[in-house]
Every structure is written in structure tokens, then in C-alpha cells.
Amino acid sequence: MANIADGFGSSILGYPRIGPHRELKRALEAYWRGSLEREELLAVGREIQDTQFAELHAAGLTQVPGNTFSFYDHILDNALLFGAVPKRFQPYRAELHPLDFYFLMARGRPDLPPLELVRLFGTNYHYRQPELNADTEFSLHPEALLDEWDRAKAAGIEQRPVVLGPLSLLLLSKAGQVPGEAEFDQLTLLDRLLPVYEELFEILAKRGATCVQLDEPCFTSERTPAELAAFEQAYQRLSTAPLRPRILVTGQYGDFGEAVRILAGTAVEAIGLDLASYRMRPEELAKIPGIRRKRLYAGVISGTNVWRADRYVTLQYLNELAQVCPDLVVSTGTTLLHVPYDVLVEYDIDGNVADRLAFAKQKVLEVVSLAKALTEGPSEHWRRRPTEVHFKQKHAVRQRVYAVTPEMREREPYAVRREAQRDKLNLPVVPATTLGSFPQTAAIRQARYELGEGRLSYDEYRKRIEAEIESTIRLQEDIGLDVLVHGEHERNDMIQYFAELLDGFATTHFGWVQVYGSRCVRPPILYGDVARPKPMSVDWITYAQSLTDKPVKGIVTGPVTMVARSFVRQDQPLYETADQVALAIRDELADLEKAGVSIIQVDEPAVRELLPLRPDGRIEYLRWAVNAFRLATSGVRPETQIHTHIAYSGRAEIVRAIEELDADVTAIVATRSIEWVVRALREDVEEGHGLSHGVGPGVYESRSARIPDIDEIDELLTAAAAAVTPERLWANPDGGLKTRHYWQLEPSLRNLVAAARRVRRRAAG
């Protein structure tokens, strides 16, 4: 750990790793296509690493984090660091290069499913979930970590290696089950895992490392007494290891809660708190026995939003914290993985908005500046407080929100709607459909780019999109799907597309944020009052509908997801912002209905993402989230069928919320864990609560290259039909198909249709 005796230190907990110009994305995809050699890909990774730790050191940080780079996902990296490899992959370990074996676990292949893709703590980031069972053995594989450490040391930079903590590694993993044996608890593996951490500590200490960072984000969520006891056991043991660096344990993404008290009672030297997400009062911190003896990494700069910190308020807070914890390091609350690289490269964000933004590079400078001001006092430049930036409010938007009545959030009873929709749509039992997006060809992406650059007229662009829509409709008709989609070929992203067409949002050119692997998005910046100047999707949907007699779904992103996957203004309650977005979507649905669209899907995969990690606030959040969705969807007639697409959660409050959304059909992301969903649906029916409307538990994994066979899909649909009855069941993938190739998509959908028809025939007797 760097010596900061002469002042307060500065650090961050992690940094973006895709490269400022998405160098890693391009290299990965070229390697997967076979047009880039392995050594060339490895060289790209080394260049990103070396440039990153050199820049962070030059920016003035007193401590630079290491081992934050990943070729695909850092959670998977940590699983491999400690040798947690599921049995189904182990036969390939000896025959494949380590990098190719890594990608096999991350991406799978047609005959071998990858690890499940799971969202990380309410962020837009997904990780590949490690799989553990009672037979799992751990072993240390630190070659990549040590290689980066050595390169940084040779450049005169001492890194603080970042490793996922042992409890979070276990809790973020999926508990498998050995056939014929009882379910097992991942925590039973803790005694096997801790010696491997001690082995890593010894290697790092002998290498000259003075500090190691262990991330324990799972303990910013509600934890059981047994999990807290295991946490205490682990850190009592690790902190008394005979040869180790100093230990920093961080609690990212929220309130570290009881874990702070536990750590303060161990020999762990440092604790990192996400004070940007949960502003702990200094007097509250002071009540924790032993806390004054710890180094506090005060995470006052947010790693999950892009708004500039109020440096005066933040500095005052840091001064108060320093009275409680004199050994203090100014830091980010989380890794900066979740924000773009540099706001200064954005050339056409309105000045009033741009002046309030801080991306990763700016956040590093905020950390350094605050640490210096805490040590030396604010400079003369600081004392000249900048002019406050104010956004113009749209009076009409605010008046419309204030005029919303409870009746505007209600539809006719489901039983009435079901009959009206049955008469109008005349769909078969177990209708087969998809959830919206189809693959975007290179030609379409190029056309969108040329349109943005002014090198292609809108008329020509429209012709190209319409040709792609027609091709998509014809393919779906040939496959035999019952409800079609237009393919979303005009959309760069389900969030950004609508953000570009709504007032109150700003979008970026280079604000890329990694979602997983090579998949990146540019989250919009929701800075002002939201309104819809004109229809956003009507022309494309009505064109698609004109090509076929089968119903074509309108696809619109829901208000909660628009809010959850944007960087959102902080000057008003989130529920008010969500209602503004909901009213804009309500107008879009009204126009779709007027244009003759009979089925409209309002995607809300992010309802679970904003759920508070601890019980406080969950009821209030779900109340306004449900209200926003219902405000968006309750303006249509009973015969118009509303679908939604949502990520499954076993939490009872989420299941209740899905029911309260009152969508006519709910598609659930559930493929790899569909047995949990089917069990939950069956239990809900038996207990007289749960999902009573149409349900489409995704029966093929849209993010995997694997092609499921008919029997496999049939088995899943049959199990679901037994739980919810065939009359309420839909057959669909678990997500959009944008990232797939047509050679993967077409046979998968043909098998989906064939399986749905089997279930349909059996239901008919």
C-alpha cells in the first residue's frame, strides 16, 4: 500500500477495459471470426492494460488498481483464478489453449451450453455465472494476474491487485446438484476455498505487493445470519494469514451494513464503502468499535452514474469522515466499469448538459482533486464556484404528470380483455412468437452510420430498412410463427433508439459501456423533462403489418427500463421521471392502436434491476414501477393485447409485481433456470396467487449460439403447460435475437414452432 502519511490518499476501485475506442471489442470479434491471431488478441489486451495503469498513475492517484482488465468477464476470470471449472468443461481443458478454453466457458458451442448470463447488482453489466457443486475442488491459477503485476512493477508502478472476495465468489455462483444427492449450500465450500486465497496472498507478498483488494459486493445486499457468520469466519482467518499483503475489503453497489462491523473486528487493514450510493453519517460510522484503526476508502465519487459531484458538499463530508477515520483514502464507490471513458470527446452534447458530466477520466480527476483539497484545502480555483446549470422545464409535461388520475392506470378486468382478444386475434393454443429483434446485418449497420454522417438520404435509408423488414416477415411466415415482429432493424439499441426520439434525453457518440464480452451499449443521459415530439415506431410496424395477414407486434421499450438503463437526472424523484416517460409511451401506444396494431409488447426487462438490494424501499419502488408501466399501457382498448418481457426473479415481491403489471402476456427470461420458474408457477397456482395471465417462459436461450432440439423445447413447454395450462402458455425465446446469426436463429425457431405444435396437438386431445 502506498505511503500516504503526508496527506490523504486517492484511488479508484476499477476502470473500463474495452479500450477508449472499443479496441477490445473489435479484436475479440475478429478473433472469434478467425481473422485475428491469438497473439494479436493478447497483444491488444496487454496494450489496454499497460496504457491504463500508466495513465492512472500519471493522473496522480496514490494507488492504482490492477487485475481489473478482462477479455470477457471478471467474475469468470475469478472463477478460473481459483480453478472453479464445471465438470462438463473439464475434458476440454487439456486440449485447448487457456484463452480458447476461457471463451468456451463464456460462449459455449452448439453441443455445450456456456455458463449462464446473469445481471450484476442492478447495473447494466452481465456476468457469466460460475457453477459449483459438492465435488468442486479449487486450485490457484494466477499467471495472468502476476504477468500484469510484473509489467506494472517494471514500469515503476505498484498496483493493488483486485480479486473477488471468497464469499462473493461463492454467492454469485450457481449451486449445482449431484444427481441423487440433496441440494447443497455453496458456503460449505468455504473451507476448501480459503487456503487457495492464502496461497495467492503468499505469492503476492513475496512478489512485493503491499495491498490486495477483495471485493465483496454480495454483502451490500440482505444476507442471512449464516452468510454473515461465514463472512466473519473468512476474514478472521484471512486477516491472520502468516504471510500476506495488507487487505482492503470493499462493499460496492450499496450499504455494506453489518459487514462493516464484522470487518472492523478483524485484523483487516482497510474497508471500502460505496458512500455515493449510501451516504453513511459520520456519527453512525463512529459507533462501530475498531473503525478508527482502519484505513477507510471513502467511495464518494459514483461509479454508476455520469453526473459531476458537488465538490463543496463532498469535501465537507470528507472532512467530517476524517474526524472519525483519520487514515482516509478518497475513492470511487464502485469500479468505473459502468461509465464511459471520456466526456471530452463528445462534440455535440448541449453545453448545459456537458458541463454537468463526468465520465471515467473525469471521475479519476475528481478523486485526485478532492484528496488534494482534503490535504491542502481548496485552491483559489475551487473558491470560484462555477455558475449553476439549470435546465428548462417543460410546463406542459409537468402539468400532465400532475393531472394523472388513478383511473389512468387501470384497464378493463383481465377476463373481459381475454375474451375480446380471443375473438379479435383468433390465435391457436400455445402461440409461437419471438420477442422483437432479429440480426442486424453489416449492410444495415453501415446504412445507419452513413445516414448519421449525412452520406445517405433518409429516403434511401428507409428503402433499405423496409427491404430488411420484408425479408424478416417472409422468413417468419416460412418458419410458421403465429405472431410476427418487424425485426427492429431501424434500432441501434432498445434504449438509445427511443432516447434519440424523445425530448429530455441526450445521447453520445463514443459513450460506450460494456454489457458483457464484446457487447457494448451507449446509455442515454436523461437530463430534462421527457416528451414525445412525434410517433417513434408506428411507420415501421404498419409497414410490416401491410406485408402479412398474421398479427405483427408493436415493440416499445417500457418506462422503467428506459429509466434503469439511462444515466438519470437526480434533481427530482425517480417516480416522477418514470411517469414522464410513461406518458410519452402511452401516446405511442395510442398511435399504434389507431394504426391497427392489435398486439403491443412493452419491454420491461429492467424492473428487477432497480429493486433496492436491501428490504428498505422495495415496496415503494415496486409501487411506482408498476404504476409507471400501467400508466403507459392502460390507455388502449380491451381487445388490444399488451405483452411485456421481464427478467425472472424468485423473490415473492417481484412475482407479485409481475402480476400487478396486469399485462395480458408476460414473457420471462428463464431458459437456463426454467425449472425454477415452472416450480414457482406451479406453487403460485396451488397457493392461489402468482401469475394468472398469459405466460411465455423463454424456452431457448437467445444469447447462446447453441441450437436447441425439438425434444428439449417440447419438454420445457410441456412442464410449463402443466403449471399454467396450455391456454395461457406462449412459446418464445428468452430474449431478442439481435446478437445471433441467421444460421443459428432459423433452425432454432423452426424447432420452437415444431415443439409448440406438439404441445398444441396434445392439448387438443
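This one's a predicted model, so the numbers in the text were calculated from it and none came from an experiment. Position 1 is the first residue of the sequence; numbering continues from there. Computed over heavy atoms, backbone and side chain alike; hydrogens, waters and symmetry mates excluded.
Looking at Gln129, its side chain does come within 3.5 Å of a backbone N or O of Leu172 through a donor-acceptor pair. With hydrogens and angles disregarded, a donor-acceptor distance shorter than 3.5 Å links the side chain of Thr266 to the backbone of Val268. Side-chain atoms of Arg623 never come within 3.5 Å of backbone atoms of Asn627 as a donor-acceptor pair (strictly under, hydrogens ignored). With Arg223 contributing its side chain and Leu228 its backbone, the two residues share no donor-acceptor pair below 3.5 Å. Here the side chain of Ser10 pairs no donor or acceptor atom with the backbone of Val367 at under 3.5 angstrom. At least one donor-acceptor pair closer than 3.5 Å links the side chain of Thr240 to the backbone N or O of Arg237. No donor-acceptor distance shorter than 3.5 angstrom exists from the side chain of Ser11 to the backbone of Ser331, with no hydrogens or angles considered. Between the Lys363 side chain and the Ser302 main chain, a donor and an acceptor come within less than 3.5 Å of each other. For Arg292 (side chain) and Val324 (main-chain N/O), a donor-acceptor pair under 3.5 Å exists by modelled atom type. Between the Glu222 side chain and the Pro615 main chain, no donor and acceptor come within less than 3.5 Å of each other.
For the 3.5 Å distance criterion, the side chains of Thr561 and Glu604 qualify, holding a donor opposite an acceptor. A side-chain donor-acceptor contact under 3.5 Å links Thr577 and Gln572. Residues Asp215 and Gln213 have side chains that bring a donor and an acceptor to within less than 3.5 angstrom of each other. If you check the side chains of Glu55 and Tyr15, you find no donor sitting under 3.5 Å from an acceptor. No side-chain donor-acceptor contact under 3.5 Å links Thr314 and Glu366. Using a 3.5 Å distance cut-off with no hydrogens or angles, the side chains of Arg308 and Gln362 do not pair a donor with an acceptor. Side-chain contact, Asp191 with Gln233: a donor N or O sits under 3.5 Å from an acceptor N or O.
Counting only heavy atoms from C-beta outward, the side chains of Ile203 and Leu140 approach each other to under 4.5 Å. A 4.5 Å side-chain heavy-atom check between Leu189 and Phe138 finds at least one atom pair inside the cut-off. Between Val249 and Ile271 there is no side-chain heavy-atom pair separated by less than 4.5 Å.
For Arg279, the CZ atom is densely surrounded, since the number of other residues' heavy atoms within 6.0 Å is greater than 12.
Residue pairs meeting the ring-ring contact (aromatic ring centres under 6.0 Å, His included) criterion with at least one partner in residues 242-268, sequence neighbours excluded, are Phe121-Tyr253, Tyr253-His338.
Applying side-chain hydrogen bond (donor to acceptor under 3.5 Å, both in side chains) to Arg17 and the options His74, Gln49, Gln52 leaves one that passes, His74.
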Residues 315-322 side chain polar contacts: donor-acceptor under 3.5 Å, at least two apart:
from	atom 1	to	atom 2	distance (Å)
Tyr317	OH	Met280	N	3.4
Tyr317	OH	Met280	O	2.5
Asn319	ND2	Leu315	O	3.1

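Taking a cutoff of 4.0 Å between a charged side-chain nitrogen and a carboxylate oxygen, Asp616 and Arg614 do not qualify as a salt bridge. Taking the charged nitrogens against the carboxylate oxygens, Glu283 and Lys287 have no contact shorter than 4.0 Å, which rules out a salt bridge. For Glu258 and Arg261, the salt-bridge test passes: some basic side-chain N is under 4.0 Å from an acidic carboxylate O. Between Arg207 and Asp150 there is a salt bridge, since a side-chain N of the basic residue sits under 4.0 Å from a carboxylate O of the acidic one. Under the 4.0 Å criterion applied to side-chain N and carboxylate O atoms, Glu576 and Arg569 are not assigned as salt-bridge partners.
Heavy-atom minimum distance, Ile495 versus Ser566: CG2-OG, 3.9 Å.
In terms of the ring-ring contact (aromatic ring centres under 6.0 Å, His included) criterion, Phe53 has no residue partners (sequence neighbours excluded).
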